[in-house]
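These notes are about the structure you will find just below.
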Protein chains: 2
Amino acid sequence: MAPPPTKQTMKERILETADKLFYLQGIRAIGVDTIAAEIGISKRTLYNHFPSKDALIAAYLERRFVQPRPSDKPPAEQILATFDSLERRFAAKDFRGCPFVNAVAELGPADRAVKKIAIAFKESRRVWFRERLNELGVTEADALATQLVLLVDGSIAQDLVRDDPAMARAAKEAAKVLLRNAGVDVGDGGDGGDGTVKQVKRHKRAPQ
Amino acid sequence: MAPPPTKQTMKERILETADKLFYLQGIRAIGVDTIAAEIGISKRTLYNHFPSKDALIAAYLERRFVQPRPSDKPPAEQILATFDSLERRFAAKDFRGCPFVNAVAELGPADRAVKKIAIAFKESRRVWFRERLNELGVTEADALATQLVLLVDGSIAQDLVRDDPAMARAAKEAAKVLLRNAGVDVGDGGDGGDGTVKQVKRHKRAPQ
DNA sequence: TTTTGGTTACACAGACCTGTGTACTTAGGC
DNA sequence: GCCTAAGTACACAGGTCTGTGTAACCAAAA
């Protein structure tokens, strides 16, 4: 489309467009011609910046691998805020699941490069949870961190097929129970503090 | 390959082979020629049984949509046994995630037929959990059922990326905490013993 | 001015894909 | 024996894909 006003390297413009198309429509579904046409450049230029589509895919995934910004909020709040952020992303209509899980799913087990970066990403998320749990003095921080990433990935998978942002709220309520069970004070936060799970309202974005 | 000794309709042979290849390598990655060649039939025969590849994909997913066998075990045991079964499937080397999630991920949001059956499958699992929770007298059965499917799908996604069957155990431990918190007796904290669980009336206070 | 590096237009190779057309063969029921 | 249904072999149309080759173009630096 129209070139953005900011001075941006060609490589970054290619990556940005590839990201949008790969993520929203699938890696195999998008050809390099489509990416070049979307930017308005020739396919030759694209291949001058990336030696192959595989290299572009790898760069796309590496660009998606961003660390969460550091926060000075209390660790328990940071953990729970993860699910609020998730809910906001679910509500956006351009959310289409976890790019790493999707890439592994559609590229298959043979693509070891993709699998490697996906594993690294998932582990980094788990470690992020574990660090905060350690700060909170949770004894079984490692096991609990694993359980929290299960809730994150589970809600992402569910939202991918159901388009239901309430999955993030359900995950948050479950996370609260797990945290409380580990001795973390998560406040009553409107869910009564008696350990009962709040009823989750379900509203679909796309009526079937 | 060699035709199986059992009398099997051609349609079923095609579906069986398509299932194996689609699931293990991806739907877009497998062409109809590959399926026909794997069975040792001509492509024409395949198209005499399925009008298009899309029809074959739909039949593949419908064949994957199997209801869990009825069981006479106590509901809480049935629920927890789900995660044991999951762990066994993770350990098999031909496990490659949830076929419905994978299909939605690789076929994109435009394929409404695939999305529809994926939604139906996910909902059927959620309802299965809810029915058992209702039997147990859990008040917030619907919300808790949602949380349990988050754990199921989360462990599937994690295992897909990490090839780690322990994800199912982690999910099971989290499920126990959630069940206990809802007043279901799932035995003591230890995973040992005979694994039997007893149904006990709910007590609202969670252990803090 | 000359050079140089990035870009463009465009053709093309070679592979793979879905789906069809057609004529031939084979097996079973009548 | 004859007929029908199912399967086979094989070519082919028309499309997509990745990746390359080539000559021209253009702007900015030297």
Side-chain angles (χ1 to χ4, degrees), chain A residues 1-61 102-103 106-108 110-114, chain B residues 1-61 103 106-108 110-111 113-114:
Chain A
M1 304 265 157
T6 85
K7 195 135 184 282
Q8 195 185 17
T9 73
M10 179 64 78
K11 201 162 189 165
E12 183 53 32
R13 279 174 70 194
I14 294 171
L15 268 178
E16 192 179 295
T17 306
D19 181 281
K20 183 179 66 175
L21 296 174
F22 280 163
Y23 179 65
L24 287 182
Q25 297 185 235
I27 294 171
R28 284 195 130 108
I30 295 295
V32 289
D33 297 87
T34 308
I35 296 169
E38 172 83 11
I39 315 173
I41 63 172
S42 71
K43 185 168 57 166
R44 204 72 186 84
T45 300
L46 192 151
Y47 273 105
N48 283 342
H49 287 276
F50 296 94
S52 67
K53 189 185 178 182
D54 277 357
L56 183 56
I57 294 169
Y60 151 61
L61 290 177
N102 293 358
E106 76 173 306
L107 266 21
D111 199 325
R112 302 216 299 131
V114 164
Chain B
M1 302 271 142
T6 86
K7 195 136 184 284
Q8 196 185 17
T9 73
M10 179 65 78
K11 199 161 189 165
E12 182 53 33
R13 281 174 69 194
I14 295 170
L15 268 178
E16 193 179 293
T17 306
D19 181 282
K20 184 179 67 176
L21 295 174
F22 281 163
Y23 178 65
L24 288 180
Q25 298 185 236
I27 294 172
R28 283 197 132 105
I30 294 296
V32 289
D33 298 87
T34 308
I35 296 169
E38 173 82 12
I39 314 173
I41 63 172
S42 70
K43 186 169 57 168
R44 205 67 185 85
T45 300
L46 192 152
Y47 272 105
N48 283 341
H49 286 277
F50 297 93
S52 67
K53 188 186 179 182
D54 277 356
L56 183 56
I57 294 168
Y60 150 63
L61 290 177
E106 79 173 304
L107 266 21
D111 198 326
V114 163

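First the proteins, then the strands, lettered A, B, ... as listed; each starts at 1.
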**Complete:** Nearest heavy-atom contact between A:Phe50 and A:Ala59 is CE2-CB, 3.9 Å
**Request:** Please state how far atom OH in B:Tyr47 lies from atom C1' in C:dT22, giving the value in whole angstrom units.
**Result:** 18 Å
**Asked** Separation of A:His49 atom NE2 from D:dG19 atom P, in whole Å?
**Response** 16 Å
**Donor-acceptor pair (no angle test) under 3.5 Å: A:Lys43 side chain, D:dG19 base** = yes
**Atom pair distance, as rounded to whole Å: CG in B:Leu46 and C1' in D:dG7** = 12 Å
**Item:** B:Glu16 side, atom CD; B:Lys11 side, atom NZ - distance, nearest 0.5 Å
**Value:** 15.5 Å
**Request:** Check B:Ile39 against B:Ile14 and note the closest heavy-atom contact, atom names and distance.
**Result:** CD1-CA, 3.6 Å
**Asked** Distance from B:Ile27 atom CD1 to A:Glu106 atom CD, nearest 0.5 Å?
**Response** 11.0 Å
**Asked** Which whole-number value in Å describes the distance from B:Ile41 CD1 to D:dA5 P?
**Response** 20 Å
**Complete:** Rounded to whole Å, CZ of A:Phe50 lies from C1' of D:dT18 at a distance of 16 Å
**Item:** Length of the CG-C1' vector between A:Asn48 and C:dA9, whole Å
**Value:** 14 Å
**Complete:** Rounded to whole Å, CG of B:Asp33 lies from C1' of D:dC10 at a distance of 12 Å
**Prompt:** So, is A:Ser42 near the phosphate of C:dT8, with a side-chain N or O under 4.0 Å from OP1 or OP2?
**Reply:** yes
**Request:** Using atom CZ of A:Arg44 as one end and atom P of D:dC26 as the other, report the distance to the nearest whole Å.
**Result:** 20 Å
